[in-house]
Structure formats: structure tokens, C-alpha cells
Amino acid sequence: MTTTELIAARADQTGAEATFDTQSALRFITCGSVDDGKSTLIGRLLVDSKAVLQDHLAGVTRSGETDLALLTDGLQAEREQGITIDVAYRYFSTEARKFIIGDAPGHEQYTRNMVTAASQADAAVVLVDATKLDWRNDQLALLPQTRRHALLAHLLRVPSIVFAVNKLDAVEDAELAFAHIRGALARFAQAAGIQVRGTVPVSALKGWNVVEPHPGWAGYDGDSLLQLLERLPVTPREVDLPLAFPVQWVEKPSADGAAASAGAAVSGEHGRRVFWGRVAAGQVLPGATVQVQPGGRTAVVAQVLDHARRPANVAAGHSAGIVLDRELDVSRGDWIVATAAAGAPAPAAPDDFAFDDETAGPTAAWPATRTLSTTIAWLDDEPLLPGRVYWALHGHRWVKAKVQRIVERVDIHTLAAEAATQLDANAIGHVELALQEAIPAAPFTQSRTLGALILVDSASQRTAGAVLVR
Amino acid sequence: MNAPVKPDAIESALNQAGAHHLSNAHLDALEEETIFILREVAAAFERPALLFSGGKDSLVMLKCAEKAFVNTKGPSGSQGRIPYPLLMIDTGHNFPEVTDFRDLRAKELGAELIVRSVEDSMARGTVRLAHPGESRNVHQSVTLLEAIEEFRFDALIGGARRDEEKARAKERIFSHRDSFGQWQPKAQRPELWTLFNTRLQPGEHFRVFPISNWTELDVWQYIEREQVALPSIYYAHQREVVERRGLLVPVTDLTPPKEGETVETRTVRFRTVGDITCTCPVESPAATPGEIVIETLAAEVSERGATRMDDKTSEASMEKRKKDGYF
């Protein structure tokens, strides 16, 4: 008997309902300032949901005292300094769903790791330390890191943002403190345009409202943090958009394969190249007319394979192999995009056409551009400077990008724009870039793939900036 | 899980699984992510290789590589090939069931298999053992770096999972290594979206972990679903063992019983397979992937905690070894 059968039989006996949608594993990050208790919170989530094995628990227990934070702070330097340096990924399941936690560091110099974790997250839990705030004041100021992390998560379009107000067990009047802190969070979120999915008072140390609800405490009767997380949506796929497909890898017809040895020409029906990649937007269907960028040549999709090489129609978010009806010069880094339907308006995007020298035929649904207005989260210790040229990666395409102008920097305390001549590490700013070659970029708010790039320092090869197209 | 999994733990795992309708639909997402990464390596690097030991994680990875590259029904109608060689760093202390299986799979797939051995490094003098019985596991790093230099590999794909160990949990999928093969945890490249910065300076390379986000349970569910064949020692068999410091140590030529130890024949299986001198089986009657899925759900001790002698020496031993170039 297979496990699946065994389990089905058992479920029949118990009459259990099918409620566990494992496809929707939720990726969430935790962020907050140093010592706000992130590692303890995660330790508490893991221990109270029984996801920690005995040997791991024993490893963080000294003289009968369990230090939950040590479950995640695994690196030597972290243990020495008592802080979290890098993102740690943890896996656990409850009866409702599977979770992947990105435990992001709070220390300012490691903001790049927080951005790393946020870029793939479905939800962000921003931890707020009640003891660090002037909680008796109904107009209290939040810590800069709370603002920075919430703002970064929002910028990166993490679909759900949740505040967890921690250490309320350590203040005299938990109810008053929670009311004031919740008010301050709400005011900040509204000013920043952040939609908050929930604000939960927790004690990571005591386990209140983390996994198990603690009704009535701090004047709160809602869901525990985990109950809230169990119901959050995963990041929606960008299916309802015109096709955009970055070519990842070109599979050439096999030289020693059956078809080739039977004498089929390379350009023949059976010897055509397959273009592999992950569909960024829309879906790819046989028979669709598409355009290759750069260049603007058109072709018809002859066949589509799914990630495991079975014939299919493939939608955004999934890997596909595309075979075209004619031989075109397509290589890694090119984009295969939909042609705009006659009469249909092209999606809003900069319309600086790069291939006006081509006999391009129909308009692309995702026009290419060589100038980008962007929001950049700067991650490198070397500042971003006007005039410098970086490598930019868009989809699978590397292009040179020159910093034309820093328009402004965002003050993360007030969210106000301020003048700037450079972006230092962990700064966020509005920057204009000029590209060496045109790419089909679109606003990040419209498409996470078309609207995202990284900048790489051409000397050190370090990943230096997270770029969001405005 | 060095002690047998208790019947009530199995019962509880079954109930839990029943309540969950333990689905394997999430495996589709994991498989797809793995295939995406395997193709990225094929496209982004000049001289990649896939580390292949014949163990369960590398066999799962190989299954994904087979789907990604070895086409039997696609548009060309031809048999594709995995576009990089398989590389095995041989400690000379392997279970024969595993090395035989490794050779068989490589042959079946028509893949190039490169084997480099720690014993050759010892002969060259680049590996010196403190004593003859020492575990050679840690010395694999030297042989691996020698192989990287010999073939000028720029990316090595490995089957490590983040749920195995705390230092692994911190590592990127595309993990940059300097010209000494060292991992620098404080200077990791941010990994944004799926935009992987694969640019290298001369002499540097990447370690790439396509099954980072899989857990031990995911691996066994996948083995069951895809009917991935494994070396026989992963399943219940009779074996002579001695109990030592809470572990079951297999009795072999390399690991003889110590004075005063009692040799017993027990029904065991291996949760993980590596160097004979530091890999221990667990007591288990599980003879099929499905039974192992249930045991894994019920397990109270981690894979490494139950089976690896060498990881117990220090909390940070894996981190130290990774800094030295270990996988």
C-alpha cells in the first residue's frame, strides 16, 4: 500500500475533511530591529507547532533553560555577537498549510539580506518591540527600522504585511501600550499607503498569541499570529497580462539523437531548437503570434512544453519550452513577447522603441525601452554614484546601465523626498538609468518580473542594488 | 530515531497525515524550482558539474535533471543528455551498494561520470590523516578543490538541503566561493527574486543548491511519487551493529567493534549515506518509501542527529568545514 492509499484509508476512517492545500506553502519573512525578539518568535512558532526535533531542542537547552533564539542563530559569529547576520530559511507545517520562513536580520548593515528575503515572500511579519517605545504617549514615534522594513516590504510588493507587537508582557499596561502602538502603526501605514493585514499583540517569550490565542490579553480577542498566517494568500501569478517570456536556456537539437541521425535537417520539423524559461506574464499557447526582443522579428508558437517536457499550455510563474514555427536568431537573455492585438491598447510602459530600424511589423505588447525611471534599494557598501556604469540583469539579460541622475532619496523616518547626490548602503532613492540596449521593462506594480532588475558592480561583481521600475 | 520509532508516534503521524490528507501537490512546485535552477546552471556557466554520490538527495536531483534535459518524447524525438558531467569525490570508504548504484545510474543516463578520490590526494601528499582510522569526510574538501582546479569547474551543483543543518539554512541557492573555495557567510550576495548574479572573478566558483527548499519529508514523498530507485541500504535490512554513544555503528572492516562491545544483528536502514566511518543506520522496519514517509513524519530526532558521528563534535563544525571549502 502506498502512503497516499494508507492515508486515504485512514482519512476515511476518521472522516477528516480535505483542508490541507499544500500547493499554497506560504513564504513569509520576519523582520524588526536587533533584539526585538525575532529569533525567539520563530523559535516559539517552531516549538509550539511541534516542528522542532528533540536533538535540536536539546542543543539549545543549557541547565534546563531553553533559549529559543539559538534555534535559528546558527552561525558562530551570530552566537558570539548575539545577533542574526543572514537570512535563515526554516520549514514547518501545521494542519492548515506548509510554511517557509525567511528569518531576516534586523541590524541595519544587513538590510540587503532583508531585501533578499522579502523579494520572494508572500507575507512579511514586522516585529515591533513595545519596550523600546514611549508607549504611554498616544502619538508615539516608531523606530526607524520598523518603518524601513515595512516600507521595503511594501516597495517589493510583499502581498501581506502583518505587525506583531512583542514584549507587551514586559510593560505595565499592556492594553494601553497596544492601543497606542497600534495607532502609531496605523498612522504610519496609511501615510505610506501600506495595507496592513493585521496587528497582533504577542509575547514570543511566553508564547501568547504566537501559536495559541491568548484571549482578552492587551485588549485583543483576534487570531493568533499563526492563525492569521494560515489564511494569508500566496503571491498571485501575473496570468491576466500579455505574454512575456525571458529565454533562460536554448536547447539545441541533439547531435546524436534519433531524429538527427535519421537525417532530419536542423531546421526541419523535428530538429528545431527549444527555448526554455519561466513565463513572466500571461500564458503561452501553440498558435500564438509572438515577437522576439531585441530585434522585433515575429513567429508563431509551434509547440509548448511544460517544465517536465510534456506538451502543455503554460501560465505565468511556470517553466516552459517554446518551439517556434521558423528559425530565428534567439539566444539566452532575449524575450519572447506577445504582439499587441490589433486595436487593443498596449499596456502602459515607456514607449521609447529601440528597433525603429527594423521592419518590425506588429507592435509588441511589451515595448522595449533604453531609459528607466526606477526606485533603487542600495545594498552595497560602495555608494551608487551618478555617471557610474553597472551591469544590470533583467530576466536573463545582462545589459550595461549608466546612472543618469539621482532624482531624490526617501527619508525613511518621514517618508519625505530629499535631495541626494549619491545613495549609500541601505538607502532608497529615485534614480534614472540609461541602458546600453533596449529591454521590455514595465512598472514593478504591473509585473514583478518585467519590473525588477538587479545592479551588479562591474568591478567587484557584487550585487549592489535592487531596482524597481517606476 | 536511533531508537525505533514508537508505535504511538506512528499512529499519531498517520492521524495527522490523515487529517491533512497529506498531499504531494507541493512537490510540483519544488520540482519546478529545482529544474529551473538546473537549467540556469547549464546556461550561465561554462564548465559546471553535478556532484553525484549515489545518495538519496543526489538521486532526487538527478531525477529532476533527467526531466529537465533527457527528452524521449519531445519535439526532436531524440534522447537528450544532461549537459554537464557528474562528479564524485570518493573517500574510498563508501558502501559498495551505493557506488554500484551510482555507476549504474550514470550509465543508464548516458552521463559522463568523473571520480576523484581522497586516496589520490593522500598519495600526492595534499591530504594527511592524523591517524589511519580517521574519518575522511572532512578531507573531501581538499580533493574537491583539486578537482575544481583540474577541470576549471566554475559551478558545482550539490544536493544539500537547508533543513539539514543550521549553517546550510543560511546559505544562498547560488553560493559564491572565493579562489580558496571559501564560503563567506557575512559577504553573501543578496539573492533577489530569481535574478541570480552568476558573475565571477577568475579562480572563483559557485556552489549551487537546487534542492535547498526541500525537506527530508519532501525528498521521501518525491521518491515515492516518482518511484526513484535507491540503493538497497536505504530500506530495512539485517545488519551487524554495535551500540556506541546512543548511535548504532555498523560493523565493517573499517569500523570494527571495540573491546567490550556486543555485536548484534538488528533490522536497520540508513537515513543518510556517506563515509562508512561516520554514517550510522537507524533501527527501522520500513521497507518502502511510503513506510519511510510515515516514519519521517513521526521522527523525533533529525536526520543528522540520528546518523552522523562527525557533526556532533561541535555546534559550528559544519560552518567551519564550509568555510574551508566543504560542500
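Computed from a predicted structure; not experimentally measured.
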CA sep, side-chain torsions, deciding dist, call: E40(B), R278(A), salt bridge (Lys or Arg N to Asp or Glu O under 4.0 Å)
CA-CA 11 Å; E40(B) 185 67 13; R278(A) 184 174 281 175; over 6 Å; no
Test salt bridge (Lys or Arg N to Asp or Glu O under 4.0 Å) applied to R81(B) and E251(A), step by step:
CA-CA 10 Å; R81(B) 284 192 122 135; E251(A) 180 185 343; over 6 Å; no
Carefully, step by step, assess Y91(A) and D218(B) under the rule side chain to side chain contact (heavy atoms under 4.5 Å, CB included).
CA-CA 11 Å; Y91(A) 306 82; D218(B) 297 328; 5.9 Å; no
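Counting only N and O atoms by type, the side chains of Y89(A) and D163(B) include no donor and acceptor under 3.5 Å apart. Using a 3.5 Å distance cut-off with no hydrogens or angles, the side chains of H176(B) and Q461(A) do not pair a donor with an acceptor.
Heavy-atom distances place no part of L30(B) under 4.5 Å from chain A, backbone and side chain included. Only the backbone of V467(A) comes within less than 4.5 Å of a heavy atom of chain B; no side-chain atom from C-beta onward does. Only the backbone of A459(A) comes within less than 4.5 Å of a heavy atom in chain B; its side chain stays farther off. Proximity to chain A (any heavy atom under 4.5 Å) is restricted, for A68(B), to the backbone atoms N, CA, C and O. Neither the backbone nor the side chain of R397(A) comes within contact range of chain B, judged by heavy atoms closer than 4.5 Å. With a threshold of 4.5 angstrom between heavy atoms, E204(B) does not approach chain A through any atom at all.
For the side-chain contact (heavy atoms from CB on, under 4.5 Å) with L195(B), the qualifying choice from V456(A), T449(A), I454(A) is I454(A), the only one to do so.
Rounded to the nearest 0.5 angstrom, N197(B) CG and L455(A) CG are separated by 11.0 Å. Going from atom CZ of R172(B) over to atom OG1 of T116(A) covers 4.5 Å, rounded to the nearest 0.5 Å. Taken from OG in S319(A) to CD in E31(B), the straight-line distance is 10.5 Å, to the nearest 0.5 Å.
When every heavy atom of P190(B) is checked against every heavy atom of L379(A), the shortest pair comes out as CG-CD1, 3.9 Å. The shortest non-hydrogen separation linking R39(B) to H307(A) is NH2-O, 3.0 Å. Scanning both residues, S460(A) and Q201(B), for their nearest heavy atoms gives O-NE2, 3.5 Å. The minimum heavy-atom distance between L192(B) and A466(A), with the atom names listed, is CD1-CB, 3.9 Å.
In terms of modelled atom types and a separation under 3.5 Å, the side chain of R162(B) and the main chain of R90(A) share no donor-acceptor contact. With hydrogens and angles disregarded, no donor-acceptor distance shorter than 3.5 Å links the side chain of Q248(A) to the backbone of A43(B).
The candidate with the highest count of non-hydrogen atom pairs below 4.5 Å against chain A, out of E191(B), E33(B), R225(B), is E191(B). The candidate from R462(A), H318(A), H394(A) with the greatest count of non-hydrogen atom pairs under 4.5 Å with chain B is H318(A).
You'll find the ring centres of F69(B) and W249(A) inside the 6.0 Å limit.
Both the sub-6.0 Å distance and the 45° axial angle are not jointly satisfied by R448(A) relative to the ring of W193(B).
Side-chain contact check for R27(A) versus N213(B): some heavy-atom pair is nearer than 4.5 Å.
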